[in-house]
Amino acid sequence: MYAVNIEPHVVGPKGSVLENLIDVDEHYVAEMRDRALVLAEDPLRCQSLPHMTLAGWDLLELLMEQQALGYPEHFTLTRDGDKWRWINRPLGIDDSFTFGDVSTLPYGPMEYITRQSQGDFCILDQRDGNLWMDAGMVTTQADWSLDFDIGMNFFEWHAPVPLAHEKGIFTRALKFLTNIQQGKPARRLNWTMTINPRLDTSPENYHKWGPDRATVTPENVGDKVHLRVELQSFWRLPRSNGIVFPIRCYLIKMDELVTQPKWARRLHRVIRDLPEELANYKGLTRYRATLVEWLSKLDNGSPTSPGF
Ligand code: HEM
């Protein structure tokens, strides 16, 4: 069931996705190429309303700092006043530019840095006690559209989510988010499922991935069905007072997931007992019974420890 599952975004164990606050992993180059291909086909995956350019610079600073801090072997940022130099070794980039001067970069600041950062990014403007989706780079989303949502507020873009509005979840979450302070990011996890390890499951490309849901059989569940976990974080931006919302997507196929028996048991119980509204919203309905049957064979009924 949905909850306001938000906690401080602090570093975690070495070797985990939380070792650094902005995670860069072995899929970096492939994901950046994938993003470039999606953008070439559909430039509206990246949009920034005119008042959001300053927030774009804030984001550029945040991502350059965090990536250089976490991965100095791959990224280097040097600054002399507003003269900045950015080296990105995996992508072969070495650019010098003037911070704040759009004419010194090949793209706007948000597009420039998010073409070099894994995960999707929404930048929210804060005004009238609400958050407004006024900019973003969204190429790896779980069936929602930036082009549709651009300019909407927190309640409007969350309108399709079942059961959570009635429980007051979005009212409480918004209260929390509008009070986030600079230097104190927060995070939450969200999950859904995807057939085949496909990052771009957008409404725009529904015709490419939607039919895959009808291809799941008892024989191919382990290979085709993936748990899709989103690590979402929330950061106050210093100059614009906006909030940036990075969404990192991690996919694991069932065959790999069930190598941990307690994960198999837990997932079986979650998918089996999920309220129908959530299963429909997450798009599981077509293959849910096949998946539950497959997972049930790995659940010996033993009690699980708290959290499992
Ligand atoms: C779903 C954006 C923060 C809870 C979504 C969707 C979007 C979105 C675009 C998909 C809606 C659709 O079906 O079209 C954002 C942005 C946030 C944010 C930009 C940052 C400001 C939060 C927070 C919560 C939350 C703080 C905390 C409770 C949810 C839930 C769903 C959802 C429960 C449904 C996910 C699922 O079942 O797979 N969000 N969200 N969101 N959001 Fe948020």
Side-chain angles (χ1 to χ4, degrees), residues 1-9 45-49 52 55 59 110 114 119-180 184-194 200-206 210 226-237 240-251 270-271 273-285 288:
M1 181 45 68
Y2 297 136
V4 186
N5 53 335
I6 305 178
E7 60 185 336
H9 189 32
R45 302 298 187 89
C46 177
Q47 300 193 39
S48 177
L49 299 183
M52 297 303 281
L59 179 60
M110 178 192 73
T114 57
D120 283 345
F121 296 86
C122 302
I123 310 185
L124 299 320
D125 193 28
Q126 184 163 328
R127 56 181 194 274
D128 305 332
N130 212 324
L131 295 171
W132 304 82
M133 201 183 292
D134 286 347
M137 169 67 92
V138 180
T139 62
T140 63
Q141 68 269 48
D143 205 6
W144 68 277
S145 164
L146 174 70
D147 190 40
F148 186 78
D149 285 0
I150 192 92
M152 285 189 186
N153 71 36
F154 193 77
F155 299 113
E156 290 169 341
W157 78 65
H158 278 123
V161 180
L163 305 185
H165 293 269
E166 302 86 297
K167 289 176 180 290
I169 285 176
F170 290 122
T171 315
R172 296 202 302 284
L174 179 63
K175 211 171 197 173
F176 182 91
L177 293 183
T178 49
N179 284 296
I180 283 202
K184 292 188 181 161
R187 66 172 174 248
R188 69 181 288 269
L189 294 170
N190 186 54
W191 70 273
T192 185
M193 305 201 88
T194 301
D200 174 17
T201 50
S202 57
E204 286 86 353
N205 275 335
Y206 186 77
H226 290 67
L227 178 66
R228 182 183 189 107
V229 175
E230 293 176 351
L231 171 58
Q232 310 178 336
S233 52
F234 310 94
W235 308 67
R236 175 72 62 196
L237 296 174
S240 59
N241 198 43
I243 295 239
V244 64
F245 178 62
I247 311 158
R248 253 317 284 284
C249 169
Y250 302 91
L251 291 160
V270 168
I271 303 293
D273 301 340
L274 198 64
E276 204 177 328
E277 294 94 330
L278 268 69
N280 281 337
Y281 174 74
K282 289 177 191 285
L284 317 183
T285 308
R288 183 181 184 185

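Because the structure is a prediction, the values reported are computed rather than measured. Note that ligands are numbered from 1 as they come in the structure, with each ligand's atoms numbered from 1 the same way.
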Take R45 and L146 through the side-chain contact (heavy atoms from CB on, under 4.5 Å) test and state the conclusion after the steps. CA-CA 6 Å; R45 302 298 187 89; L146 174 70; 5.8 Å; no
Apply side-chain contact (heavy atoms from CB on, under 4.5 Å) to the pair L163 and M1, showing each step before the final yes or no. CA-CA 9 Å; L163 305 185; M1 181 45 68; 3.8 Å; yes
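Close contacts between ligand 1 and F170 involve ligand atoms 4 (C), 25 (C), 29 (C) [criterion: under 4.0 Å to a heavy atom]. Atoms of ligand 1 lying under 4.0 Å from at least one heavy atom of L124, given by number and element, are 21 (C). Those atoms of ligand 1 that come under 4.0 Å of a heavy atom in L177, given as number and element, are 21 (C), 26 (C). Close approach of ligand 1 to I169 (heavy-atom distance below 4.0 Å) involves ligand atoms 28 (C). Close approach of ligand 1 to W191 (heavy-atom distance below 4.0 Å) involves ligand atoms 38 (O).
The 12-atom threshold is exceeded at CZ of F155, counting heavy atoms of other residues, nucleotides or ligands nearer than 6.0 Å. Within a 6.0 Å sphere centred on CD of E276, heavy atoms belonging to other residues, nucleotides or ligands number 12 at most.
Of the protein's non-hydrogen atoms, the one nearest atom 12 (C) of ligand 1 is Y281 OH, 3.2 Å. For atom 32 (C) of ligand 1, the nearest protein heavy atom (residue, atom name, distance) is H158 CD2, 3.6 Å. Nearest protein neighbour of atom 26 (C) of ligand 1, counting heavy atoms only, is F234 CZ, 3.6 Å. The nearest protein atom to atom 2 (C) of ligand 1, hydrogens excluded, is given as W157 NE1, 3.0 Å; this is a heavy-atom distance. The shortest contact between atom 16 (C) of ligand 1 and any protein heavy atom is with F245 CE2, 3.2 Å.
Taking each of W144, F121, Y2, F154 in turn, the one with a heavy atom nearest to atom 14 (O) of ligand 1 proves to be W144. Summarising the contacts of atom 24 (C) of ligand 1 with M1, R188, Q141, the nearest heavy atom is found in R188.
You'll find the side chain of T192 stays beyond 4.5 Å of the side chain of D143, heavy atoms only.
At a heavy-atom distance under 4.0 Å, only backbone atoms of A3 (N, CA, C or O) approach ligand 1.
Between G136 and M110, the shortest heavy-atom contact is O-CE, 3.3 Å.
A donor-acceptor pair is defined here as one N or O able to donate and one able to accept, closer than 3.5 Å; no such pair exists between the side chain of R188 and the backbone of F234.
Note: L124 CG to T178 OG1 = 11.0 Å, rounded to the nearest 0.5 Å.
Side-chain contact, E204 with S145: a donor N or O sits under 3.5 Å from an acceptor N or O.
Residue N190 places at least one N or O, backbone or side chain, under 3.5 Å from an N or O of ligand 1. In terms of polar-atom proximity, D149 is not counted as a contact of ligand 1, lacking any N or O under 3.5 Å from an N or O of the ligand.
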